[in-house]
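Scope of the values below: all heavy atoms of this structure, side chains included, with no hydrogens, waters or symmetry mates. Along the sequence shown, residues are numbered consecutively beginning with 1.
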Amino acid sequence: MNSDRRVGPSTRSATVVFLDADNTLWDTDAVFAAAQLQLLQALEDKVGKRVEATDRVNFVREIDQALAERHHAGLRYPPELLVKAVAKRLSGAHAAVAVRSLISDPSLGTALPDSTILRIAQRFRGSLMVLPELRPGVRTGLAELKGVGCVNFVLTEGAREQVAHRLSEHRIDDAIYRVLEAPKHKALYDRVLRRFGGDSRRAFMVGDQLSRDIAPALAAEINTIYFPGGFRPKWDIASAIRPDFTISNFKDVPTIVIEKTMPLLRT
């Protein structure tokens, strides 16, 4: 993968495939689940109370999603807030009340020392650096997309360097034309496609979230491929968005791309 690569004549009319990274190419959800369980257990030991809920991961994720919905940084809010909110919840506070109070005043303390909160948050950050496993069919599917001449972009709202590093670690970076760090929106798709012939019929977006991945691509009138993961945030569950295709294995992506674009090559 070469982030400095320029569009050449051979790519002016190429088929463009946009790819989400987390939970589309690799299973970030599994890494988060393990880290969230570790965080919960550490806080249970410190607070002296164990969660009675059957789904322990969901206990943490309900708080996580509430924080993400209210915090100005969204899902990139500071982990210390999650540690404090879970600690307050374990101490008997209602989840919504704990989240509201911390969003209003992030400096609010808990019954635990600040040093303990910081240490658990740092361990949580470290746990998130584990390399996620590739999702089913990704290695084969990317190789096939490259083989038929597709120009593959990875779109991320996280850190471009981290995504590029994970692509390299998994040895799939040679199938990727470029990693773009930018919010997914119609203007982004339009801008990229203008450099590749501007034909939205030959463009595809593959993602695991209806609201964050599929909806902006539909607005840009490009083909959408929904690849749901193991976890669906609550803002996606109630979504009325309808993707063009839904798959359970990434290896189906090249077949869809070829079948949709082949008739266009004959015109």
**OP:** Could you tell me whether the side chains of D64 and Y77 share a donor-acceptor contact shorter than 3.5 Å?
**Re:**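 There is such a pair between these side chains.
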Original post:
Any side-chain donor paired with an acceptor under 3.5 Å for Q38 and S127?
Top reply: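 The criterion, which ignores hydrogens and geometry beyond distance, is satisfied for S127 and Q38.
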**OP:** If the plane angle is over 60° it's perpendicular, under 30° parallel, otherwise tilted; pick one for W26 and H170.
**Re:**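 Parallel, since the angle between the ring planes stays under 30°.
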**OP:** Show your reasoning for whether side chain to side chain contact (heavy atoms under 4.5 Å, CB included) applies to L40 and Q36.
**Re:** CA-CA 6 Å; L40 177 58; Q36 288 165 339; over 6 Å; no
Are the side chain of [X] and the backbone of [Y] linked by a donor-acceptor contact shorter than 3.5 Å?
{"X": "T140", "Y": "G137", "answer": "no"}
{"X": "R76", "Y": "E157", "answer": "yes"}
{"X": "T24", "Y": "D208", "answer": "yes"}

Original post:
Would you say Y189 and K184 make side-chain contact, with heavy atoms under 4.5 Å?
Top reply: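 With C-beta onward as the side chain, the pair touches.
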**OP:** Decide yes or no for F18 and V192: does some side-chain heavy atom of the first lie under 4.5 Å from some side-chain heavy atom of the second?
**Re:**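 Yes, their side chains come closer than 4.5 Å.
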Original post:
Does NZ or CZ of R135 come closer than 6.0 Å to the centre of the six-membered ring of F227, within 45° of the ring's axis?
Top reply: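 Yes - R135 lies over the ring of F227, closer than 6.0 Å to its centre and within 45° of its axis.
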**OP:** With salt bridge (Lys or Arg N to Asp or Glu O under 4.0 Å) as the test, would you mind laying out the steps for K260 and D244 before giving the verdict?
**Re:** CA-CA 11 Å; K260 286 289 292 185; D244 298 302; over 6 Å; no
Subject >> V257/L145 under side chain to side chain contact (heavy atoms under 4.5 Å, CB included): CA gap, chis, key distance, verdict >> reply: CA-CA 8 Å; V257 170; L145 289 173; 4.0 Å; yes
Original post:
More than 12 non-hydrogen atoms from neighbouring residues, nucleotides or ligands closer than 6.0 Å to CD on E133, yes or no?
Top reply: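 No, the 6.0 Å shell around CD holds no more than 12 heavy atoms from other groups.
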Subject >> Within 6.0 Å of CZ in F32, more than 12 heavy atoms from elsewhere >> reply: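 Atom CZ in F32 is not crowded, with 12 or fewer foreign heavy atoms closer than 6.0 Å.
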Subject >> T261 side, atom OG1; R201 side, atom CZ - distance, nearest 0.5 Å >> reply: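 It comes to 11.0 Å.
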